[in-house]
Amino acid sequence: MNKNYTRVMAVGDIHGCLTPFLSLYDRLEVTEDDLIIFLGDYIDRGPESLAALEWLGRESLKPNVIALRGNHEQTLLDCIAGRYADRFFNIGIGTIKEVRSAMKTDPTLPLRIVQTIRRMPLYHRLTVEGQEYIFCHAGVDAQLDHDPPIESQPIDRLVWVREEFYNHYEGAATYVVGHTPVQFLGQPPLPIKRFNDRNIIMLDTGSCCAESGRITCYDVLSDKFWQTARIGWGSLGF
Ligand SMILES: [Mn+2]
């Protein structure tokens, strides 16, 4: 790490819940001495997908803010580019509705979305006091090689992988990921510091995708974390 950051914070899935996230972000009082890495999935499920994407696009222009790409952003990109129409119908439908209605007054919107998502890296690597951290939306496919080089992983794996990562990864680098809500793993809505005794920190605490969902920010230097109030299903009027 070139700069000695006060905090190195990662934020789990937001999923269109920008308003609750922004009140959390205010509480963090982020300064330029903090590094903040968003783990992807800013859109879909919640009601403020476009606003979340645009906010992340602007915020990540700051040198100490990194917004990684999640499977939902990748899917939206693929939809706009005309690929994977099947996935477009599975996830992303809420965002596509928002995009369609906003396009009526802003026809350049799809191009801006493509530019914003293409700027989002798939992972970020960082070494702090000899400990390597890899921030990524989902992880790597570790079924055969239990510590595969992230550089050779297909995009699809980096943003979609689940069990093939967290049940098989055995590397020394600590992965910091979102993607799979901890509730789906039978856990309470708190960050998981070491999943299954592996070097994996899991920070998707459900946002609006689980009954007990909330959004989590975690500082890997201090192990401190901050959360929104419970968001959960239906609390946002959808
Ligand atoms: Mn997600």
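Throughout, numbering of the chain's residues begins at 1 and tracks the sequence. Both ligands and their constituent atoms are indexed starting at 1 by order of listing.
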With distance as the sole criterion, is a donor-acceptor pair present between the side chains of His15 and Asp41 under 3.5 Å?
yes
[X] near the Mn ion (ligand 1): N/O/S under 2.8 Å:
X	answer
Asp41	yes
Asp13	yes
His15	yes

Do the non-hydrogen side-chain atoms of Leu109 and Leu50 ever get within less than 4.5 Å of each other?
yes
Side-chain ion pair, Glu151 and Arg125, N-O less than 4.0 Å
yes
Considering all heavy atoms of both residues, which atom of Gln143 and which atom of Glu164 are nearest to each other, and what is their separation?
NE2-CG, 3.3 Å
